[in-house]
Amino acid sequence: MRKTIYTFIVTAVAVAFTACSNVDDDERFEYVQPADVNRCVLIEDYTGQMCVNCPKAAPIIEQLHETYGDNVIAVGIHGGQLSLADGTNGLVGLRTDDGEKYYENVGKPAQPSGRVNRKGSPVSIDLWTSLVQSEITMVPPLSLDLTAAYDDATRTVTVNVNSLGIHGFVGKLQLWFVEDNIVGPQMMPDGSANFEYVHNHVLRGSINGTWGEQFDVPMGAEKSVSHTAILDSKWKSEDTYIVAFVYNDNGVQQAAKIPVVAKSNETEE
């Protein structure tokens with residue numbers, strides 16, 4: 001175990017200074033007056049377990065959730081040389097094939113960084129709040145409603161997507177699995193290695209392909225699709241969610257998120 005810890009720290013330090021974005025503590029928080037909420041906003045958080053500054057993104061996301069609730073949907077995408085493949089030196093790694101493709105597609109940016117509603121290139125975390133405020137006020141061109149059914153015996157999930165064209169939409173629908181409460185190693189801003197770090201909203205994989213499927217909804221029309229997938233045996237069903245979003249060349253137009261297993265208060269309702 002001591003050798004594993006040493007290897008992890010040495011590897012992280014060796015690459016951190018060339019690929020990890022510096023974020024000053026006094027630049028992380030900037031108060032912005034809450035905006036009127038019209039739609040959900042997706043934050044793609046490009047991150048890595050060997051990135052010392054990546055944990056600084058977590059409080060920004062928490063602050064956005066406090067302001068806008070479930071209308072802000074964050075997804076942690078682990079990719080690049082600062083990510084860790086599962087099983088490396090016996091450690092829990094969060095790199096995925098889809099995550100690698102997304103990270104490479106946006107130009108392998110320094111981490112932490114992210115895109116808000118897939119507008120432009122990934123930006124530093126101190127810009128997320130103002131970008132979310134701008135995006136969340138826009139009227140979406142369609143609605144996006146999700147329902148899910150889970151069979152615990154077979155670990156099979158069926159997700160139904162229902163949409164109504166408000167102004168009409170031409171583009172794609174993407175469905176992802178994400179998971180909370182994953183305990184795994186993470187390099188910290190002070191240079192230490194935290195082997196009990198809790199990773200949240202981690203991208204686990206796509207349900208309908210890396211880039212999704214065509215999903216055109218004319219104004220006033222309704223559209224529904226359904227997909228079935230099996231949860232990986234390592235994922236905790238009670239901590240796994242489905243994230244759906246529709247996007248085109250103008251970015252993400254609407255998003256939604258639901259748990260695979262309905263929470264107790266939702267079941268009672």
Side-chain angles (χ1 to χ4, degrees), residues 34-45 61 64-77 98 102 114-120 128-150 157-180 201 203-229 240-263 265-269:
D36 292 333
V37 174
N38 285 315
R39 67 172 175 176
C40 290
V41 173
L42 178 72
I43 301 176
E44 292 170 284
D45 173 17
I61 292 171
L64 286 167
H65 281 157
E66 288 180 4
T67 303
Y68 299 114
D70 293 337
N71 288 87
V72 172
I73 300 171
V75 178
I77 299 175
D98 285 327
Y102 299 138
R115 282 203 295 178
V116 175
N117 271 353
R118 291 194 170 177
K119 298 290 183 69
W128 290 359
T129 299
S130 59
L131 291 175
V132 166
Q133 187 195 39
S134 174
E135 287 293 311
I136 212 162
T137 61
M138 298 182 181
V139 177
L142 74 171
S143 66
L144 201 61
D145 297 310
L146 306 179
T147 60
Y150 177 64
V157 182
T158 299
V159 55
N160 300 302
V161 182
N162 301 297
S163 181
L164 172 65
I166 299 172
H167 300 295
F169 171 79
V170 175
K172 289 189 173 184
L173 166 71
Q174 180 74 71
L175 297 170
W176 283 340
F177 280 128
V178 301
E179 187 180 359
D180 285 346
H201 51 261
L203 174 67
R204 284 306 206 173
S206 61
I207 297 174
N208 62 340
T210 302
W211 304 108
E213 64 191 277
Q214 196 66 33
F215 193 78
D216 301 342
V217 188
M219 183 174 64
E222 296 181 358
K223 182 162 186 173
S224 299
V225 298
S226 179
H227 285 277
T228 299
T240 303
Y241 293 77
I242 298 166
V243 169
F245 61 94
V246 289
Y247 73 100
N248 53 25
D249 291 341
N250 295 317
V252 172
Q253 301 301 309
Q254 184 60 298
K257 178 180 178 180
I258 59 168
V260 165
V261 180
K263 307 304 179 183
N265 60 335
E266 295 174 3
T267 302
E268 293 171 359
E269 293 177 356

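Starting from 1, each residue takes its place in the sequence as its number. Computed from a predicted model, the values in this text were never measured in an experiment.
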Peer 1: Measure the spacing between NE2 of His201 and CG of Asp180 and express it to the nearest 0.5 Å.
Peer 2: 8.0 Å
Peer 1: Where is the tightest heavy-atom contact between Gly171 and Asp216, given as atom of each residue plus distance?
Peer 2: N-OD1, 3.1 Å
Peer 1: For a quick test of reading the model, state the closest non-hydrogen atom pair linking Trp176 to Ile77 and the distance between them.
Peer 2: CH2-CD1, 4.3 Å
Peer 1: Compare every heavy atom of Val178 with every heavy atom of Leu203, then report the nearest pair and how far apart it is.
Peer 2: CA-CG1, 4.1 Å
Peer 1: Would you indicate whether the side-chain heavy atoms of Phe245 and Arg118 approach each other to under 4.5 Å?
Peer 2: yes
Peer 1: Side chain to side chain contact (heavy atoms under 4.5 Å, CB included), that's the test. Do Leu142 and Lys223 meet it? Break it down for me.
Peer 2: CA-CA 10 Å; Leu142 74 171; Lys223 182 162 186 173; over 6 Å; no
Peer 1: Verify, without hydrogens or angle tests, whether Asn71 (side chain) and Ile136 (backbone) share a donor-acceptor contact under 3.5 angstrom.
Peer 2: no
Peer 1: Do Asp70 and Cys40 come close enough that some side-chain heavy atom pair is under 4.5 Å?
Peer 2: no
Peer 1: Side-chain contact test, heavy atoms from C-beta onward, threshold under 4.5 Å: evaluate it for Phe215 versus Ser163 and give yes or no.
Peer 2: yes
Peer 1: Answer yes or no: is there a side-chain heavy-atom contact under 4.5 Å between Asn248 and Val170?
Peer 2: no
Peer 1: Strictly distance-based, threshold 3.5 Å: is any side-chain N or O of Asn208 a donor or acceptor partner for the main-chain N or O of Leu175?
Peer 2: yes
Peer 1: Please check: side-chain N/O of Glu222 versus main-chain N/O of Gly220, any donor-acceptor pairing under 3.5 Å?
Peer 2: no
Peer 1: Any sub-3.5 Å donor-acceptor pair from Arg204's side-chain atoms to Tyr241's backbone N or O?
Peer 2: no
Peer 1: Given side chain to side chain contact (heavy atoms under 4.5 Å, CB included), test Ile242 with His227 step by step and report yes or no.
Peer 2: CA-CA 11 Å; Ile242 298 166; His227 285 277; over 6 Å; no
Peer 1: Output, in order, the C-alpha distance, side-chain angles, deciding distance and verdict of side-chain hydrogen bond (donor to acceptor under 3.5 Å, both in side chains) for Asn160 and Ser226.
Peer 2: CA-CA 4 Å; Asn160 300 302; Ser226 179; 3.0 Å; yes
Peer 1: CG/Leu64 to CD/Gln133 distance, rounded to the nearest 0.5 angstrom?
Peer 2: 10.5 Å
Peer 1: Return the minimal non-hydrogen interatomic distance between Asp45 and Trp128, and the atom names on each side.
Peer 2: OD1-CH2, 3.5 Å
Peer 1: Where do His65 and Ala74 come nearest, in terms of heavy atoms and distance?
Peer 2: NE2-N, 4.5 Å
Peer 1: Please assess Gln253 against Met138 for the test side chain to side chain contact (heavy atoms under 4.5 Å, CB included), listing each intermediate value before the final yes or no.
Peer 2: CA-CA 9 Å; Gln253 301 301 309; Met138 298 182 181; over 6 Å; no
Peer 1: Report the distance from atom NE2 of His167 to atom CE of Met219, rounding to the nearest 0.5 Å.
Peer 2: 9.0 Å
Peer 1: Can you tell me how far the CG atom of Leu131 sits from the CG atom of Asn117, to the nearest 0.5 Å?
Peer 2: 9.5 Å
Peer 1: State the CD-CG distance between Gln254 and Leu144, to the nearest 0.5 angstrom.
Peer 2: 6.0 Å
Peer 1: Tell me the closest heavy-atom pair linking Pro259 and Ala148, and the distance in Å.
Peer 2: O-CB, 4.2 Å
Peer 1: Side-chain contact test, heavy atoms from C-beta onward, threshold under 4.5 Å: evaluate it for Ser206 versus Gln174 and give yes or no.
Peer 2: yes
Peer 1: Measure the shortest side-chain to side-chain distance between Tyr102 and Trp211 over non-hydrogen atoms and say whether it is less than 4.5 angstrom.
Peer 2: yes
Peer 1: Hey, does Val225 have a side-chain heavy atom less than 4.5 Å from the side chain of Glu213?
Peer 2: yes
Peer 1: Taking the side chain as every heavy atom from C-beta outward, state whether Val217 and Leu164 have any pair of such atoms under 4.5 Å apart.
Peer 2: no
